[in-house]
Protein chains: 2
Amino acid sequence: MYATLRRKVLTMELAPGAPVSENELAAALGVSRTPVRESLILLAEEGLVQVFPKVGSFVSRVDPVRVADAQFIREAVELTALDDLPSVLDADVLAALHANLDQQDRAGIGLEEFFALDEEFHHGLLQLSGHGAAWATVSAAKGHLDRARRLGLGEASPPAVNAGQHRAILDAIVGGDVAAARAAMRTHLRAVFDDVERIRAQSPSLFASNDGSTPVRRNVVTWD
Amino acid sequence: MYATLRRKVLTMELAPGAPVSENELAAALGVSRTPVRESLILLAEEGLVQVFPKVGSFVSRVDPVRVADAQFIREAVELTALDDLPSVLDADVLAALHANLDQQDRAGIGLEEFFALDEEFHHGLLQLSGHGAAWATVSAAKGHLDRARRLGLGEASPPAVNAGQHRAILDAIVGGDVAAARAAMRTHLRAVFDDVERIRAQSPSLFASNDGSTPVRRNVVTWD
DNA sequence: CGACCGGTACTTGTATACAAGCACACGCAC
DNA sequence: GTGCGTGTGCTTGTATACAAGTACCGGTCG
């Protein structure tokens with residue numbers, strides 16, 4: 001239930017700014033308001049939707065501030081994790097990472113498929129350092145970032161480029177060069193972040209306005 | 001509602017392992033099951049309670065793995081933030097931090113009062129680097145850590161020691177010595193973490209058992 | 001005496017009904 | 001034409017009723 005809604009938001013099936021009525025969703029999904037409402041609460045917790053009491057719930061616009069925050073947290077965690085790499089890497093995780101990269105290199109890979117592999121790859125990297133459990137926190141904070149990435153990917157940073165950066169990171173890790181791994185990771189993470197402003201200029205309606213004005217009902221994003 | 005329950009869990013008023021029945025809480029707090037249930041869902045999200053469908057909800061035992069994770073995330077975020085300190089610090093935030101430290105130094109400060117000041121201090125440090133919004137994520141991941149701290153504080157790491165470490169951090173920051181600030185911060189954060197194992201030996205029933213056995217109803221922690 | 005089987009009392013999960021409140025549209029007065 | 005007041009329809013928040021399932025207790029049988 002929650003996973004379904006989260007996916008709809010992350011894949012932009014529910015556009016930023018769009019109203020998400022509990023009644024409407026409940027009817028559409030064939031369940032009661034209760035589970036829908038509980039899912040919405042969770043989504044609100046990670047900032048993907050905004051709930052205005054007695055007014056309505058809306059899909060959050062992509063907030064550059066939150067994107068920057070997610071970026072910072074992710075960078076901090078993933079870079080710091082590299083410092084904790086053990087001298088001998090876990091063979092199973094390593095094999096999974098290499099298999100993952102091979103799949104990323106496959107021609108004609110879909111966008112959503114690539115995203116799933118990307119998630120798995122970064123999670124695996126954290127596992128290599130023994131901090132796999134921290135991925136949950138990173139993942140939760142990463143919602144806004146992911147939406148921005150989906151807007152940017154396929155244009156400035158096609159999957160092939162990302163796959164290449166992934167391989168550079170893993171190669172540096174396997175080679176034992178932590179400094180190189182950190183540099184590659186930083187380059188990779190920043191590449192995503194640098195696209196946000198460009199996207200913002202392209203589709204400003206998807207982003208939060210500068211002032212903190214409360215959204216009104218008519219203020220709906222239509223996929224023009 | 002959620003804040004009330006969270007406080008009860010963090011202050012150990014609701015002991016780890018204790019059952020938290022929705023009906024019972026609703027009756028005790030004079031509200032319906034619905035708001036209690038929604039609060040419990042949020043608490044479960046941050047790992048403070050565990051919900052076993054059709055069985056019951058229980059306050060999570062302190063999980064050393066999760067404590068270590070929270071520690072790692074916190075260390076990663078707060079140390080990395082120090083690298084982003086601007087050349088000129090925000091005067092207002094700085095003043096608030098100094099005022100905070102003065103309050104920490106007050107004699108006869110209560111434990112809960114100190115905790116609130118500690119939260120405020122670390123949040124302020126993040127604001128100094130322009131990453132104040134990241135505190136929400138750190139705070140959410142920090143639940144397990146906080147419970148462990150409450151167990152340890154007043155014994156091995158009395159408030160006075162922590163206050164001193166806080167001052168060392170801020171002094172290094174004001175002095176522009178990022179390396180010293182990092183060192184002081186690391187010392188401070190590690191001091192908390194190093195106590196966990198000792199506490200565990202002292203009150204093992206408050207911690208998660210090694211095996212992942214599902215708790216049964218009779219398995220209740222009584223404050224012996 | 002020990003093992004097994006069923007009833008009971010509790011749990012959470014879901015659906016529904018009611019309460020309270022805000023935004024918008026319509027109509028009226030100026 | 002313009003501004004204001006009121007009614008209506010929607011929203012979320014809360015309370016309650018029902019459904020489904022599990023653990024425990026006690027009786028019964030071997």
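Letters A, B, ... are given to chains in the order of the sequence lines, protein chains preceding strands, and every chain is numbered from 1. Basis for what follows: all heavy atoms, side chains included, without hydrogens, waters or symmetry-related copies.
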- [ ] Among D:dG13, C:dT12, C:dA15, find the nucleotide with the atom closest to the side chain of B:V51.
- [x] C:dT12
Open item on the list: Please confirm whether the shortest side-chain N or O distance from B:S21 to OP1 or OP2 of C:dT11 is below 4.0 Å.
Closed with: yes
Open item on the list: Nearest to the B:E22 side chain among D:dT14, C:dT12, D:dT12, which nucleotide is it?
Closed with: C:dT12
Task: Listed nucleotide nearest any side-chain atom of B:R37, set C:dA15, D:dT16, C:dG13 - done: C:dG13
Task: Distance in angstrom units between B:L40 CG and C:dT12 P, rounded - done: 8 Å
Task: Test applied, salt bridge (charged side-chain N to carboxylate O under 4.0 Å, His left out); reference residue, B:E13; option that passes from B:K8, B:R147, B:R6 - done: B:K8
TODO: Measure from the side-chain heavy atoms of A:K54 and tell me the nearest of D:dT11, C:dA15, C:dT11.
DONE: D:dT11
- [ ] Round to a whole Å and report the spacing from CD1 of A:I41 to P of D:dG13.
- [x] 7 Å
- [ ] Select one nucleotide: of D:dA15, C:dT12, C:dT14, the one nearest the side-chain heavy atoms of B:S32.
- [x] D:dA15
Task: A:L117 backbone acceptor or donor facing A:N100 side chain under 3.5 Å - done: yes
Task: Nearest-Å distance for atom pair CZ/P, residues B:F52 and D:dA23 - done: 11 Å
Open item on the list: Rounded to whole Å, how long is the line connecting atom CD of B:E24 with atom P of C:dA9?
Closed with: 18 Å
Open item on the list: What is the distance, to the nearest angstrom, from the CG atom on B:L25 to the P atom on C:dC10?
Closed with: 16 Å
- [ ] Kindly indicate whether the side chain of B:I41, heavy atoms from C-beta on, has any atom under 4.5 Å from the side chain of A:I41.
- [x] no
TODO: Pick base, sugar-phosphate or nothing for A:V36, based on heavy-atom distances below 4.0 Å to the nucleic acid.
DONE: nothing
- [ ] May I ask you to evaluate whether B:S57 reaches the phosphate of C:dT11, defined as a side-chain N or O under 4.0 Å from OP1 or OP2?
- [x] no
TODO: Taking B:S60 for its side chain and B:G47 for its backbone only, find out whether a donor-acceptor pair lies under 3.5 Å.
DONE: yes
TODO: Specify the separation, in whole Å, of atom CZ of B:F58 and atom C1' of D:dA23.
DONE: 10 Å
TODO: Determine the sole option in A:R149, A:H123, A:Q104 for which the side-chain hydrogen bond (donor to acceptor under 3.5 Å, both in side chains) test with A:D118 is passed.
DONE: A:R149
TODO: Specify the separation, in whole Å, of atom CG of A:N23 and atom P of C:dC18.
DONE: 15 Å
- [ ] Nearest whole angstrom, please: distance from the P of D:dT16 to the CZ of A:R33.
- [x] 16 Å
